[in-house]
Amino acid sequence: MSSTPSTPSRRFATWNVNSLAVRLPQLLDWLAANPVDAIVLQETKLTDDKFPAQAINEAGYQVQWFGQKTYNGVALLSREPATDIVRNILGYADEQARVIAGTVGGVRVIGAYFPNGQAPDSDKFTYKMAWLDGLRAWVAEELKQHPDLVLMGDFNIAPEDRDVYDPVAWAGQIHCTPQERDHFKALVDLGMTDAFRLFEQPLKSWSWWDYRNLAFRKNQGLRIDHILVSEALRPRVTACVIDKLPRKNERPSDHAPVIVTID
DNA sequence: ATGACTCCCAGTGGGAGA
């Protein structure tokens, strides 16, 4: 029998809610059933004055948010207050609200909504590549200050063919280009690990299913929402799962939450 | 198959998402 006091395990989650105005009731329901220590949200699609902070506080969560009109928008909810909040990538000037970071219980939590990129020959793809360069440089700096770090969110990158329901059809398409996958690997090369792949997982595990074409019913999706943990945290990760249940709600988000457990 | 659905801002249509 050990007399060493143990730190209780903690759970962190990420969820692209595709409009918090529409999905707030689903978020509150999910948090009641899954009382994680922190969750980062993407695509809140709310200006800061419209953010539903009070309802979130009443559900027992502190919250930091960073939004804009119509598109993007991120938030960091936590049981304990988050400190040292950073909005967007330090050193990369961005008009779009895509990143929020804070320290929760000694763990640096970075929540990010990576650019979609639209198509490999588009201006939006060029922006995605520049944004990814900026993110990597900044995360490298954050890691120096915070060895215990989690980078999670909607990466809009399917890292490998096994993360794609039809890799032949998607070859070279947005989310699956070699350039995007190289950027994912570059984040891994900072010492980060894809927590989901630390464990045996069901085949055909996705985090996003198109609204069209009965994609969820046919389980045709992509795994593009990820939780990357730093080298120091990696040995303490005990589980990582995708929760498909909210995708079965009425009026669901097209993305499912991903949850990591750290002892 | 240049589609399909959903959200937003708009305003009886169109952009964006992935």
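Each chain gets a letter, A, B and so on, in the order its sequence line appears, and its residues count up from 1.
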Give me the ring orientation class for A:Trp208 and A:His255: parallel if the planes are under 30° apart, tilted from 30 to 60°, perpendicular past 60°.
tilted

It should be established whether A:His255 places a side-chain nitrogen or oxygen under 4.0 Å from OP1 or OP2 of nucleotide B:dA18.
yes

Do the ring planes of A:Phe155 and A:His226 sit parallel (below 30°), tilted (30 to 60°) or perpendicular (above 60°)?
perpendicular

Distance-only donor-acceptor check, side chains A:Thr193 and A:Arg234, under 3.5 Å:
yes

Summarise how protein sits on nucleotides 5-16 of chain B as a single string, 5' to 3': B when a protein heavy atom is under 4.0 Å from the base, S for sugar-phosphate-only contact, - for no contact.
BSSSS------S

Please state the P separation for the pair B:dT12 and B:dT2 - nearest whole angstrom.
28 Å

Could you give the NE2-to-P distance, from A:His226 to B:dA18, as a whole number of Å?
12 Å

Return the minimal non-hydrogen interatomic distance between A:Asp133 and A:His183, and the atom names on each side.
OD1-CE1, 3.1 Å

Length of the CG-P vector between A:Asp154 and B:dG17, whole Å
11 Å

Value in whole Å for how far the C1' atom of B:dA4 lies from CZ of A:Phe216
18 Å

Expressed as a whole number of Å, how far does the P atom of B:dA1 sit from that of B:dG13?
28 Å

Starting at CD1 of A:Ile174 and ending at P of B:dA18, how long is that distance when rounded to a whole Å?
10 Å

Atom pair distance, as rounded to whole Å: CZ in A:Phe114 and P in B:dG17
16 Å

Less than 3.5 Å apart, any donor N or O on the side chain of A:Tyr165 or A:Asp210 sitting next to an acceptor on the other?
no

A:Glu231 atom CD, over 12 foreign heavy atoms within 6.0 Å
no

For a quick test of reading the model, state the closest non-hydrogen atom pair linking A:Val40 to A:Gly111 and the distance between them.
CG1-CA, 3.7 Å

Presence of salt bridge, A:Asp163 and A:Arg181, under 4.0 angstrom
no

Suppose you measure atom P in B:dA10 against the same atom in B:dG15; what distance do you get, rounded to whole Å?
15 Å

In whole Å, measure the gap between the P atoms of B:dA4 and B:dA16 for me.
16 Å

Between B:dA18 and A:Tyr113, is there an OP1 or OP2 to side-chain N/O distance shorter than 4.0 Å?
yes

Indicate whether OP1 or OP2 belonging to B:dA18 is found under 4.0 Å from a side-chain N or O atom of A:Asn16.
yes

With heavy atoms under 4.0 Å as the rule, sort A:Glu43 into base, sugar-phosphate or nothing.
sugar-phosphate

Value in whole Å for how far the P atom of B:dA18 lies from OH of A:Tyr165:
15 Å

When rounded to whole Å, the CD to P distance for the pair A:Gln68 and B:dG17 reads 11 Å

Could you tell me how far B:dG3 sits from B:dG17 if I compare only their C1' atoms? Round to whole Å.
16 Å

Have a look at A:Leu214 and say if it touches a base, only the backbone sugar-phosphate, or nothing, with a 4.0 Å heavy-atom cut-off.
nothing

For A:Asn156 and B:dA18, what is the distance between atoms CG and C1' respectively, to the nearest whole Å?
7 Å

